[in-house]
Amino acid sequence: MTVQLCNKWSKVIAENEAKLLAYLNNILRCPYLAEDALQDTFLRLSGMSKCQDCQVKNTKSYCYQVARNIAIDMIRKQNRESLVDLESIQTEQFDDESSNIEDRYIDAQLSDKVNSTIGKLSKRHQNVVSFYRDGRLKQKEIAKMYHISPTLVNFMIKEAIQSCQNELQAGAVVAH
């Protein structure tokens, strides 16, 4: 009878394999884990007793539900394993340079000065620098977006850098 159960669930999974894998991949966000979950689904279904198997009315729906539960169990297991025991971390290993209040204040002033200088540039310069500075876009992508050459984008970024350097040097001379 176990062979018949295996064949029954094997057939259900084979008929719905692509959709089940897509479903599991959507939950797990990893095709390899989805394959593992599908295999675990088959093992769980084929290991059911005859009595349990007789109670299943819609095999396809039940198969999806078992697969979903296995995927959720896998995610929970990953989350448990990724938790770090904070007590075991030795804090002496970390040198937190940002903890120095003076350094943070100087960095904030510098950042404000750079932002102020960039704010004096044209809107187009500001946007190009913003996209490039944040690392959201490459120079070629910025050029395509503004329908200009990558060379012009590079030139605009260099102009902005030069403006910032001039402003900072002028501020340094006044400070001394």
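Both L38 and L43 belong to a single network of hydrophobic side chains, linked directly or stepwise wherever heavy atoms of I, L, V, M, F, W or Y lie under 4.5 Å apart. Linking ILVMFWY residues whenever their side-chain heavy atoms come closer than 4.5 Å, directly or via other members, leaves L20 and I72 in distinct clusters.
Between Y64 and Y23, the two ring planes are perpendicular [angle over 60°; tilted spans 30° to 60°].
Defined by atom type and a distance below 3.5 Å, a donor-acceptor pair is present between the side-chain atoms of Y146 and N127.
A donor-acceptor contact shorter than 3.5 Å is absent between the side chain of N26 and the backbone of A22. The backbone N or O of V12 sits less than 3.5 Å from a side-chain atom of N16, completing a donor-acceptor pair. Put simply, the side chain of S116 never gets that close to the backbone of D112: no donor and acceptor are under 3.5 Å apart. Looking at S163, its side chain does come within 3.5 Å of a backbone N or O of E159 through a donor-acceptor pair.
Rounding to the nearest 0.5 Å gives a distance of 6.0 Å between OG1 of T41 and CG of L24. Rounding to the nearest 0.5 angstrom, the gap separating the CG atom in L152 from the NE2 atom in H147 is 13.5 Å. Note that CG of L33 is 9.5 Å distant from CD of E35, once rounded to the nearest 0.5 Å. Atom-to-atom distance recorded for K158:NZ and N154:CG is 4.5 Å, nearest 0.5 angstrom. We find the NZ-CE distance between K8 and M48 to be 6.5 Å, quoted to the nearest 0.5 Å. Taken to the nearest 0.5 Å, the CD1 atom of I106 stands 12.0 Å off from the CD1 atom of I101.
Annotation: side chain of Q65 is in contact with side chain of R68 (closest heavy-atom distance under 4.5 Å).
Residues P150 and A143 come closest through the heavy atom pair N-CB, 3.5 Å. Considering all non-hydrogen atoms of both residues, C164 and V114 come closest at SG-CG1, 3.9 Å. The two residues A71 and I27 come nearest to each other via the heavy atoms CB-CG2, 3.7 Å. Closest approach of C63 and I13 over heavy atoms only: SG-CG1, 3.7 Å. The heavy-atom pair separating A37 from M74 by the smallest distance is CB-SD, 3.5 Å. Annotation for L121 and A160: closest pair CD1-CB, 3.6 Å, computed over non-hydrogen atoms.
Among H125, Q126, E167, the single residue meeting the side chain to side chain donor-acceptor pair (under 3.5 Å) criterion with K120 is E167.
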- Run the side chain to side chain contact (heavy atoms under 4.5 Å, CB included) check on V66 and W9 step by step: do they pass? CA-CA 12 Å; V66 169; W9 292 114; over 6 Å; no

